[in-house]
Amino acid sequence: MRRPDGELILLWTLPVVAIIWISAFFLFPGFLHPMSPTMSAAEVANFYQDETARIRYSMILFNWFGVGLIPIVVLLAMQIRRMAHRTPILSYSLIACAGGPPTIFLIANMFWLLAAFRPERAPELTQLLNDLAWLTFTILVPYLIAQCLLLALAIFWDQQDQPVFKPWVAYFNLLIAVALAPAAFTALASTGPFAWDGLLSFWVKNTAIAVWIIVMGVVLGQNIRQQRAQDLMADQVAA
Amino acid sequence: MTDLAGASPRPEQLSDEHPKFVPGQPDMWMFVLFETLLFTGYFSVYLVSRTQDREAFLGAQADLDLRVGVFNTIALLLSSWAIAGCVQAARNGDYPSALKKAFLTATFGVVFLVSKIVEWVRETRMGNTFTSDEFFSHYYFLTSIHCIHLLIGFVVLGVVIYQLRSPARRSQQLVETGATYWHTVDFLWVLIFALLYVVR
Amino acid sequence: MTTAFNKRLLIVWVILTSLTLIYVVIDRSVDGGTLRASTVVTVSAIVIALVKVRIIFREFMEVRHAPALLRRITDGWVVLVGVCLLGSYFVGSAIAP
Amino acid sequence: MSASTTAPMTMTDPPTGSRMERFVWNCRYHPKRELWFAWWVMVIFYNLYGVLFFFVTHVQPPPSPAWDTPTVVQWFDDNGSGVIAGFAIVFVIAGLCAPMNALLAYSMRRMSVSPVFAYSYLIIYALAAVPGMLVMAMAMTVAAFRPDRDPEIIQWLYDFAFLSFSGTMGVFMIGSLVWMVAILIDKNRVFPKWFGYFSLCNALTEVVVAPAWIFQRGAFAWNGAIAWWINMVVFVSYTAVFIVLLRRMIEREDFGTGPLPELEAAR
C-alpha cells in the first residue's frame, strides 16, 4: 500500500462525514430559520421543551462527527509539505490550526446538549446556554480564516514549474477567508446581517464553510490521485 | 551534555593568585539572579501586607515554632556545605568522595523536606490552612514555592550524581552549575526563614 | 589542600549556623508569651539573613574566586534585596492605617 | 514520491529599485521569507493582543474578583461595547497564533533533539489558545451581549471568563518545560542556555497563578500583586526575550540562495 492510497481513504471519509453533517444540520430544528437572538427567555425555553428530541439527536450526531474535518486539514498540510518552501513552517501552522474549529464547535455542541438535557429548568438559564451555544458556534471562524490565509500564502510561495495547487485555489481561499470574517462580529447586533441568524453571520459563513469543504475536497482528490499515478509510473520505470 | 566537559579548564589549586573563573555555567547565574528578584517581589508583597495588619499577622505567626524553622535552616545549611565539599572534591579529582557528598546533600535535602511536611501537617491540624488567614496564605505560598524549587533541586542533584558516576562524563562545569542551583535553594530558604519566623 | 578547604567550609557552616541560632536568642529576648511588633527585630532579622546570603554567595558558591563582575553583581544584588525588603517594610508601615 | 517537485526555484539578486520593489521582492523570493513571515506575525499578534486586552476590552489589568454583583453588572454596562468589539477582533485574529507556534516548533527542529519536542510544543500551544484566550472571549461576549440578564448569571460569566483565563496554566507550564529541556540538551546552540533556565522561571510563575481559584481578594486573587502583577512582569519579559532570540536565530540561518534542498517530506 502506497502512501497516497491511505490518503485517498481518508479523503473519501469526507463525503460520508459531509452527508452526516448535512443531515444533522437539517435535523436540528434551530438551523433552518435560524433561531433569532431577539427571542425572549420564555420563547427559548419553550423551543427547547418542544423540540428536545430533535435537538438531542442532531447534536449527538455533530458530537460524533464534528472532528471529521481534522484529517482533511492535515491532508492539506501534507500537500503544503510538497511545495517549494525551505521550511516546514506553513505546514506546521496548518497542523496547529487543525484542532481549533472542532474544539470550539464541540464547546457549542455541549451547550446545546446541556440546554436540551433539562429543558424544564429556569428559562433564564436555558437562554444563557442557548446564547453560549449560538455565539460560540458563530464565532468559530478564527482558525478557519487562518487556514485559508495560510493556504493561500503557501500556494503563492510555491514557485515551481508544476505547482502543487493552481493559483485559483489561493484566490478561492482568500475569498472564503473574507466571507468568514464578518461572523466574528456577530455579538455587535441582534438584528440585521450581523446577528447570529443574519445574512453574513449565518448564511454567508456556513455556505462559505460548505463550499470550502466541497471545493478543497475535490482539489485534494485530484492532487492525491495525480501523486498516485506518478508513483505508479516511477515504480514501472524502476522495474 | 558531555561535550561541555573540560570546556573551561579549572585550576588544580586555588590560591590568591589563581585565575578568576565563574563557577558553573554563567547562564545558571542569570537564573539565580532573576529568581532572587522574583522572590524579592513575593517577599515585598508579604512585608507590605504584614505592615497593614500587624496584629493579625503576629497572632497567626505565634503558631509557628521557631525551633522547627531553625532545624530546617540547619538541615539546608548542612546540605549546602556538603555540595560545596562535593564541588571541591570533584575539582581535585576525588570522585568517590564527591559522589558521597552529593548523596549526603540529597539526604539533608530529604531531611528538610520531611520536616517541612511534618510542620505543614501540624499547622493544618492546628487549623492553620492556606485560606485560614493572610499570614498563613503567605506562609504556605512561600514554603510551597520554595519546596517546588527543592524538588527541582533533587532532579538537579540527580544530574550531578549522573555526571560523577562515570569517568566518561564528569563535567566539572555541570557539577558546579548544579551546586549553584542548590545553594540558591538554600539562601532563598534563609531569607524565607527570617521573614516568616523571625520578623515581627 | 583538600583538608584545608574542608576546614574552611566547616568554619563557614559553623558561622552560618551560629547566625541562625542568634535568631533564637532574639526571639527569646523580645517577647514573653505573646508576639509584639518590633522594628528592631525586623530590621536585624533581615540584615542577619542578608549577611548569611552574602556568606553563602562568597564561600559556598565560590564567588570570591569569580571575576570582579560577578562579585560586584552578587554584592549589588544583596544590597538590592535589602533595599527592597526594608523599603517595603518601612513604606508599608508608613502607609498603614 | 514524485520527483517533479524539486524543480529549481529561479533566484535572482534583489532588485535595486525603490524600497517598495525591494519589499515586494523580499516577500516573494527572500530565502527566509517563511521565517520572517512567522516572526512578524508573532510581533503583530502580541501587539494586537496587548492593545485589545488592555485598551479596548479593559479586561487587563483585571477587575476585582471581590466585587459584589451590582458592581460587576455596572462594569459590564461601562465596558460592554468595548468588550464585544475587542473580542470580535480577537475572534478574527486568534488564528495568528498558528504561525507563531509553528516558528517556535521550528526552532526546536533546528536543535539536536528529537522531533518529539517540537511536535509536543506545537500541539500544547495549539491547545493553549482555547483556555488561554477564546473561552474568556466567549464568556465575556455572552455576558456583554445581554446586559439585562439576571445579575447572578452575569457574575457567573464574569468568574468563568477570568478564572478560565488566569487559572488555566498547565498548558503554558508544560509547554515552557518542554522548551526548557530541549534548549538545555541541545548541542546546536539555537538558544542560549540561560533562556532555558528563564523558561523554568516562567513555568514556575504559572504555578503561582493557581491560588486565583481559591482567593477572592488579596495578593493571590486573579488581580493580586503576586498572582497577576509579578507574573505579568515575568511573562512580558519572557515574551520579549524570546521574540528577540528568535529574530537572532532567523538572522543566523544560512539558507543560501541556490536551488531548494530536497524536500524532506517527500522522501
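Worth knowing before you read on, the calculation uses all heavy atoms, side chains too, and leaves out hydrogens, waters and symmetry mates. Because the structure is predicted, anything quoted here is derived from the model rather than measured. To find a chain, count down the sequence lines: A is the first, B the second, and so on, and within it residues start at 1.
Using a 4.5 Å cut-off between heavy atoms, B/T40 does not touch chain D at all. When heavy atoms are compared at a cutoff of 4.5 Å, D/F195 does not approach chain B at all. Neither the backbone nor the side chain of B/Y46 has a heavy atom closer than 4.5 Å to any heavy atom of chain D. At a 4.5 Å heavy-atom cutoff, the contact between B/S137 and chain D is made by backbone and side-chain atoms alike.
For chain B, the option among D/I214, D/V208, D/L200 with the highest count of heavy-atom pairs below 4.5 Å is D/V208. Between chain B and the options D/F198, D/W229, D/F220, heavy-atom pairs under 4.5 Å are most frequent for D/F220. Interface remark: of the candidates D/D186, D/V234, D/V207, D/V234 forms the most heavy-atom pairs closer than 4.5 Å to chain B. Among D/V233, D/I226, D/I230, the residue with the largest count of heavy-atom pairs under 4.5 Å with chain B is D/I226. Among B/L37, B/I148, B/V48, B/L38, the residue making the largest number of heavy-atom pairs under 4.5 Å with chain D is B/L38.
Between B/H149 and B/T184, every side-chain heavy-atom pair lies at or beyond the 4.5 Å cut-off.
Residues D/F165 and D/F53 place their aromatic rings such that the two centres sit under 6.0 Å apart. Between B/F112 and B/W189, a ring centre-to-centre spacing shorter than 6.0 Å is recorded.
Under the 4.0 Å criterion applied to side-chain N and carboxylate O atoms, B/K116 and B/E119 are assigned as salt-bridge partners.
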As a quick check of understanding, evaluate ring pair (Phe, Tyr, Trp, His ring centres under 6.0 Å) for B/F34 and B/W29, giving each step before the final call. CA-CA 8 Å; B/F34 192 83; B/W29 278 95; over 10 Å; no
Verdict with reasoning, B/Y139 to B/F130, per ring pair (Phe, Tyr, Trp, His ring centres under 6.0 Å): CA-CA 8 Å; B/Y139 162 82; B/F130 191 31; over 10 Å; no
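Of the possible polar contacts, none joining the D/Q60 side chain to the D/F54 backbone as a donor-acceptor pair under 3.5 Å is found.
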